[in-house]
Amino acid sequence: MNHILAFKQYWLRLANHFTTKEEGISQKDYLCMFLLIYLFTVLAFYRLGNSYAPSTGYTADTDNRDIVLDFGDYLDIGSISIFLGNQNTRHFSISAFNEVTGAWEICNGDTIAESVFAWNKIDVNYRLRYLGIVATDDEAVLNEMVVQGTDGTVLTPVNTEEYPALFDEQYMFPNVKTYMNSTMFDEVYHGRTAYEFIHGLIAYETTHPHLGKILIALGILVFGMNPFGWRFMSVVFGILLVPLMYLFTKRLFKSTFIATAATCLLVFDCMHFTLSRIATIDIFAAFFILLMYYFMYRYFEADSAYRGIAPENSLADKFPPKNVALPLALAGVSMGLGIATKWTGVYAGLGLAVLFFWYTITHFPKKQVLRLFGFCCLFFVLIPLAMYILCFIPVVGYEQYNNLFDKALKGTISMFDYHSNLEAEHYYSSPFYEWPIIWMPLLDANDAIDEVRVSAVSCMGNPVIWWAGIPCVFYVFYRWILKKDKKAGFLCIAYLAQYVPWMPISRITFIYHYFPAILFVILIMGYTMLHIKEHFPWGKKAITAYLVLAIACFFLFYPVVSGLPVDKEYGLRLRWLKEWILVL
């Protein structure tokens, strides 16, 4: 009878545990969260990029490399603009036909169109009737060609019917080349490779795992190979980071105000904004990294709650129980997705392992450890390994392989060789110790609109957020080491896992490599704000004032991180540190 009563009480408490608001999410929380999602969605999609781009292509190869344009009369030709397909750095010889001598006269013997899926301008500055363009590479894919006079007028050859694919989308030619109509920064690698996945072409970018490029390809499949299409999925994952940050912060600190404040910092962080609007893989990796730590924390909470309501003998009978096993399994799956996107997921996984073993050693009896480790071998080793191997399916171009596993192995060796032997220099590179202070922002794009205005996209943090985060990190480390605060320890270990592995790296690095760490800096700032709110009567007002300042700073830098046309002088005035080059 006592056993029946104990069993009944157990299930009543368990039902009560799950029918109450487990996460403490109230209507006010939903309102705040969706308002922040809406704000970021509007910001991210505004002027994301054109939803059209030249798509029909002309292929010049060894049997068909000459293009001869007839303008019907002698005209002053100023330039040729070529929208390249998926092959970069194509070489051309430009010449004019002299009707008197009957010979071709070279105008520009070796010129280059470099950027894929972008408008490349080649100067001619020659008076002619017949213009000869010879592609000197084995193959070149040209999606469109526009010829302009010296006064900028678009000139149409009289023999366009001979090259219909080159002159069928002239209306897409922009007045000015900007990020709105062309690729920028590493989009020439990741956006291009996503396109090649779709069409079964040899993959160009093979230096990272491929899930991120597969995700970019989904946007291209829906919206086409245009700036909006190749950036769409980045925006989606940038948006998804907002509710994830809110739920994580609310679960950590049980405060609607702090969850709103911390998520607001994410919404108005300049780097989160920029990485959400460019077709690179970093925003995907950051999302999966934050997601794996969110589920690991949920696992800690679920296990603690289960221990509080379960009869003592049930802990050994069915372990781990479903409500405890699920978040642990999801943490492993999220880790697998992160690693299949970028190897920084491995760094995050190491931090996850430290937290897991720390919790296991301090909470589980020996009888349960082996069963738990067996469970983790499945969800933190076998399933992530399978995900990693599967992400190689669409890749074409590796040397001969026997099967998918062999293909993944050879691809991994190739990646390791590339990163370990990379010797390159870049003006905007920066070592790890410069990242927290934003010593060297990265200029993703800079295009002149006219004599005084530019369109610039700089990848940098919001100074009001990043600089304030530095003392918060030290405070939370103090709380962990000296006060033995386990929540502070969780945040510190998560932060260190995203930052410390970069310290011994000898290859060039960039400020955006710090972004996953910044997600945990924001959580750390939430921890600090909670303490300020609880210990000082003026705390809530001070936090609100700080948020207003952070939002104002975002909009101050908005023109130079969004590509919005702005006076060059304005961008120069934002040079708060001497190394900052936000416009050119």
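Atom OG1 of Thr160 is separated from atom CG of Leu69 by 9.5 Å, given to the nearest 0.5 angstrom. In this structure, CD1 in Ile94 is found 12.0 Å from CG in Asn125, a value given to the nearest 0.5 Å. Atom CD1 of Ile67 sits about 6.5 Å away from atom OH of Tyr163, to the nearest 0.5 Å.
Relative orientation of the Phe416 and Trp343 rings is tilted, given thresholds of 30° and 60° on the angle between their planes. Phe223 and Phe228 have perpendicular rings, their planes meeting at more than 60° on a 0 to 90° scale where under 30° would count as parallel. Ring planes of His208 and His419: tilted class, angle from 30 to 60°. Ring geometry for Tyr514 versus Trp435: interplanar angle of 30 to 60°, hence tilted. A perpendicular orientation is assigned to the rings of Tyr130 and Phe97, their planes being inclined by more than 60° (bins at 30° and 60°). Note: Phe268 and Phe555 have tilted aromatic rings, judged against thresholds of 30 and 60 degrees for the angle between ring planes.
Residues in residues 143-162 take part in no salt bridge (Lys or Arg N to Asp or Glu O under 4.0 Å) pair, two or more places apart or across chains. Residue pairs meeting the salt bridge (Lys or Arg N to Asp or Glu O under 4.0 Å) criterion with at least one partner in residues 78-89, sequence neighbours excluded, are absent.
Counting only distance, with no hydrogens or angles, the side chain of Glu196 and the backbone of Tyr204 share a donor-acceptor pair below 3.5 Å. A side-chain donor-acceptor contact under 3.5 Å links Thr136 to the backbone of His91.
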Query raised in the report: Stepwise, does the ring-ring contact (aromatic ring centres under 6.0 Å, His included) test hold for His426 with Phe510?
Result: CA-CA 9 Å; His426 196 290; Phe510 298 91; 5.2 Å; yes

Requested in this report: Evaluate ring-ring contact (aromatic ring centres under 6.0 Å, His included) for Phe288 paired with Phe284, printing each intermediate quantity in order.
Outcome: CA-CA 6 Å; Phe288 292 130; Phe284 307 121; 7.6 Å; no

Query raised in the report: Step by step, would you call Thr56 with Asp168 a side-chain hydrogen bond (donor to acceptor under 3.5 Å, both in side chains)?
Result: CA-CA 8 Å; Thr56 56; Asp168 62 336; 2.7 Å; yes

**Report entry** Tyr126 vs Glu105, side-chain hydrogen bond (donor to acceptor under 3.5 Å, both in side chains): CA-CA, chis, key distance, verdict
**Finding:** CA-CA 10 Å; Tyr126 209 91; Glu105 298 176 355; 2.6 Å; yes

Report task. Decide side-chain contact (heavy atoms from CB on, under 4.5 Å) for Phe45 and Ile239; before the verdict, give the C-alpha distance in whole Å, the side-chain angles of both, and the deciding distance to 0.1 Å. Result -> CA-CA 10 Å; Phe45 274 114; Ile239 293 170; 3.8 Å; yes

**Report entry** Glu169 and Ser55: CA distance, side-chain angles, deciding distance, side-chain hydrogen bond (donor to acceptor under 3.5 Å, both in side chains) verdict
**Finding:** CA-CA 8 Å; Glu169 298 167 307; Ser55 57; 3.3 Å; yes

Report task. Show the numbers, then the answer: is there a side-chain contact (heavy atoms from CB on, under 4.5 Å) between Asp70 and Leu131? Result -> CA-CA 7 Å; Asp70 178 8; Leu131 175 65; over 6 Å; no

Query raised in the report: Does the pair Met503 and Tyr433 meet the rule for a side-chain contact (heavy atoms from CB on, under 4.5 Å), with working shown?
Result: CA-CA 8 Å; Met503 295 179 181; Tyr433 51 83; over 6 Å; no

Report task. Could you go through the side-chain contact (heavy atoms from CB on, under 4.5 Å) check for Leu519 and Met245 one step at a time? Result -> CA-CA 8 Å; Leu519 298 178; Met245 178 63 75; 4.2 Å; yes

Report task. Using the side-chain hydrogen bond (donor to acceptor under 3.5 Å, both in side chains) rule, take Arg192 and Asn88 through it: C-alpha gap first, then chi angles, then the decisive distance, then the call. Result -> CA-CA 10 Å; Arg192 165 186 175 173; Asn88 66 303; 2.8 Å; yes

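Salt bridge present: Lys177 and Asp447 bring a charged side-chain N and a carboxylate O closer than 4.0 Å. A salt bridge does not link Arg129 with Asp73: every distance from a Lys NZ or Arg NE/NH1/NH2 to an Asp or Glu carboxylate oxygen is 4.0 Å or more. Salt-bridge check for Glu205 with Lys213: passed, with a basic side-chain N closer than 4.0 Å to an acidic carboxylate O. Residues Glu187 and Arg231 are paired through a salt bridge, judged by an N-O separation under 4.0 Å between the basic side chain and the carboxylate.
Other residues, nucleotides and ligands contribute more than 12 heavy atoms inside 6.0 Å of the CG atom of Leu221. Atom OH of Tyr38 sits in a sparse spot, with 12 or fewer heavy atoms from other residues, nucleotides or ligands closer than 6.0 Å. Residue-environment remark: CD1 (Ile202) stays at or below the threshold of 12 foreign heavy atoms within 6.0 Å.
In this structure, Thr280 and Ser234 have side chains that are not in contact, with every pair of non-hydrogen atoms separated by 4.5 Å or more. For the pair Leu241 and Phe237, the minimum side-chain heavy-atom distance is 4.5 Å or more. For the pair His190/Ile216, a side-chain contact is recorded, criterion being any heavy-atom separation below 4.5 Å from C-beta on.
Residues Phe83 and Trp119 bring their aromatic ring centres within 6.0 Å. Aromatic pair Phe392/Tyr388: ring centres closer than 6.0 Å. With ring centers used as reference points, Phe40 lies under 6.0 Å from His272. Checked against a 6.0 Å centroid threshold, the rings of Tyr495 and Tyr499 count as neighbours. Separation of the Tyr347 and Trp502 ring centroids falls under the 6.0 Å cut-off.
Nearest approach of Ala262 to Thr249, heavy atoms of both residues: CB-CG2, 3.7 Å.
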